Number of protein chains: 2
Amino acid sequence: MNSSILTIGHLAKQTGTKVETIRFYEKNGLLPEPSRTEGNYRAYEPDHLNRLSFIRRARDLGFSLDQIRALLALSDNRGQSCAAVDAIASEHRAEVDKKITDLMALKAELDRMIDQCECGIVADCRIIETLSPK
Amino acid sequence: MNSSILTIGHLAKQTGTKVETIRFYEKNGLLPEPSRTEGNYRAYEPDHLNRLSFIRRARDLGFSLDQIRALLALSDNRGQSCAAVDAIASEHRAEVDKKITDLMALKAELDRMIDQCECGIVADCRIIETLSPK
DNA sequence: CAGTGACCCTGTATTTGCTACAGGGTCATG
DNA sequence: CATGACCCTGTAGCAAATACAGGGTCACTG
């Protein structure tokens with residue numbers, strides 16, 4: 001009857017999410033439990049699709065599930081100040097910044113290490129030497 | 001008698017590793033099982049300290065435990081070609097490069113998103129809007 | 001109307017690299 | 001001989017999924 005009711009497989013296909021992941025989001029309180037069909041299949045409505053799309057977008061941007069839970073709660077209270085939203089996003093950006101800084105330092109060390117390798121035998125290998133205690 | 005025998009606590013302190021982590025490395029085949037004292041305490045020798053230092057250095061450089069296992073095996077065969085060592089290190093560097101690239105793209109998106117926020121109410125929030133399906 | 005295959009269900013285990021107990025034993029010091 | 005610092009084993013937890021095992025349901029075909 002209602003053509004807008006979706007199975008979990010449809011929801012998965014439309015959002016590029018694995019079926020197991022959708023069940024995982026439900027179990028972890030990110031996606032509300034949908035009603036069930038007579039055969040005990042999950043019956044999703046458009047709101048679920050919207051919510052799952054939101055989650056996927058936020059995940060793609062690297063937000064943690066905790067952060068996404070908070071963002072979802074905020075987006076459900078549309079009259080509130082959005083300062084809290086800004087705080088979560090800025091916190092995440094700072095984490096990303098730190099990761100980039102750390103990885104660049106790491107890369108510099110790896111570059112230095114690998115460039116020294118003259119590819120002889122292990123006994124003379126600069127890489128192994130760099131890793132070994134003096 | 002032998003002053004060079006170390007307890008797990010000494011090993012931990014000298015390498016900046018937690019005791020549990022050392023036991024974890026042993027269980028996962030990175031550190032060989034040491035002999036035991038009468039009281040069943042692990043009794044480490046200088047070789048163990050060297051090996052653990054190697055592991056810690058490699059971890060600091062971001063190598064996975066699998067990669068470290070391989071590096072350790074290679075460093076034990078000192079006559080072999082070190083091309084395999086170079087391959088592991090280069091593979092890791094490529095992974096780091098990719099992570100940096102991905103994170104910088106991510107950061108650009110986050111910057112764009114956050115800069116639009118005018119910090120009014122959630123209903124008008126550009127961040128929530130960016131995450132929401134159209 | 002039975003059979004096939006695609007889909008769905010629950011529940012548990014696995015991944016990575018640790019960390020944190022719980023519930024006990026050992027050892028050195030006062 | 002008692003206290004506290006250390007050690008032991010074994011198990012469970014974190015993030016964020018992913019991958020079964022062992023079933024049930026549904027739509028389509030012969």
Side-chain angles (χ1 to χ4, degrees), chain A residues 1 3 5-31 33-44 48 52 54-72 88 91-92 95-96 99 102 106, chain B residues 1 3 5-31 33-44 48 52 54-72 88 91-92 95-96 99 102 106:
Chain A
M1 275 156 208
S3 67
I5 295 302
L6 299 157
T7 67
I8 197 168
H10 290 136
L11 212 60
K13 208 158 286 174
Q14 292 195 30
T15 57
T17 312
K18 300 221 164 153
V19 166
E20 293 96 331
T21 305
I22 297 177
R23 287 194 283 248
F24 167 81
Y25 288 156
E26 179 182 318
K27 198 166 48 184
N28 287 276
L30 286 138
L31 212 48
E33 293 185 26
S35 54
R36 299 289 181 123
T37 65
E38 286 190 8
N40 199 33
Y41 283 19
R42 284 171 180 80
Y44 291 102
H48 288 102
L52 181 54
F54 185 103
I55 295 168
R56 296 307 293 178
R57 246 169 257 213
R59 282 298 297 139
D60 285 347
L61 287 170
F63 287 98
S64 72
L65 297 190
D66 265 359
Q67 290 171 325
I68 295 173
R69 241 184 302 266
L71 288 172
L72 282 168
I88 293 170
E91 176 201 34
H92 177 47
E95 287 160 11
V96 171
K99 270 189 202 158
D102 290 352
L106 200 68
Chain B
M1 275 156 204
S3 67
I5 294 302
L6 301 158
T7 67
I8 197 169
H10 291 136
L11 211 61
K13 210 158 288 178
Q14 293 197 29
T15 58
T17 312
K18 300 222 158 151
V19 166
E20 293 96 330
T21 305
I22 297 177
R23 288 195 283 248
F24 168 81
Y25 288 157
E26 178 183 319
K27 199 165 47 183
N28 287 275
L30 284 138
L31 213 49
E33 292 186 27
S35 54
R36 299 288 182 124
T37 66
E38 286 189 7
N40 198 33
Y41 283 19
R42 285 171 178 79
Y44 291 102
H48 289 103
L52 181 54
F54 185 102
I55 294 168
R56 296 306 294 179
R57 246 167 258 214
R59 284 296 298 139
D60 284 347
L61 287 170
F63 286 97
S64 72
L65 297 188
D66 265 358
Q67 289 171 326
I68 295 173
R69 243 183 301 265
L71 287 172
L72 283 167
I88 293 169
E91 175 202 33
H92 177 48
E95 288 160 8
V96 171
K99 268 188 204 160
D102 290 353
L106 200 68

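Quick note on labels: first sequence line is chain A, next is B, and so on, each numbered from 1. Remember, predicted model here, so these are calculated numbers, not experimental data.
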> Under 4.0 Å between a side-chain N/O of A:Arg23 and OP1 or OP2 of C:dT10, yes or no?
no

> With a 3.5 Å distance limit and no angle check, can you tell me whether A:Gln14 reaches the backbone of A:Leu11 through a side-chain donor-acceptor pair?
no

> Looking at A:Arg57 and A:Leu52, would you say the former's side chain and the latter's main chain have a donor-acceptor pair under 3.5 Å?
no

> Would you classify A:Arg42 as touching base, sugar-phosphate or nothing, given that sugar-phosphate means primed atoms plus P, OP1 and OP2, and contacts are heavy atoms under 4.0 Å?
sugar-phosphate

> Report the residue (B:Arg69 or B:Asn40) whose heavy-atom-nearest nucleotide on DNA chain C is the more 5′ of the two.
B:Arg69

> Side chain of B:Arg59, heavy atoms from C-beta onward: which of D:dA19, D:dC8, C:dG17 has the nearest atom to it?
C:dG17

> Once you apply a heavy-atom cut-off of 4.0 Å, does A:Ser64 come out as touching a base, just sugar-phosphate, or nothing?
sugar-phosphate

> Just jot down the side chain to side chain donor-acceptor pair (under 3.5 Å) partners of B:Arg59, sequence neighbours excluded, or say none.
none

> For the helix from C:dC1-D:dG30 to C:dG30-D:dC1, what angle lies between the axis at the first five pairs and the axis at the last five pairs, to 10 degrees?
30°

> Taking B:His92 for the side chain and B:Leu61 for the main chain, is one N or O donor matched with an acceptor at less than 3.5 Å?
yes

> Contact class for A:Phe63 (heavy atom, under 4.0 Å): base, sugar-phosphate, or nothing?
nothing

> Can you name the side chain to side chain donor-acceptor pair (under 3.5 Å) partners of B:Arg23, sequence neighbours left out?
none

> In terms of side-chain geometry, is the basic nitrogen of A:Arg42 or A:Glu33 positioned less than 4.0 Å from the acidic oxygen of its partner?
no

> Between D:dT9, C:dT12, D:dA17, which nucleotide gets closest to the side-chain atoms of A:Thr21?
D:dA17

> Quick one: label B:Thr37 by what it contacts on the DNA or RNA (base, sugar-phosphate, nothing), any heavy atom closer than 4.0 Å.
nothing

> Which sits closer to the 5' end of DNA chain C, A:Lys13 or B:Lys27, going by the nucleotide each is nearest to?
A:Lys13

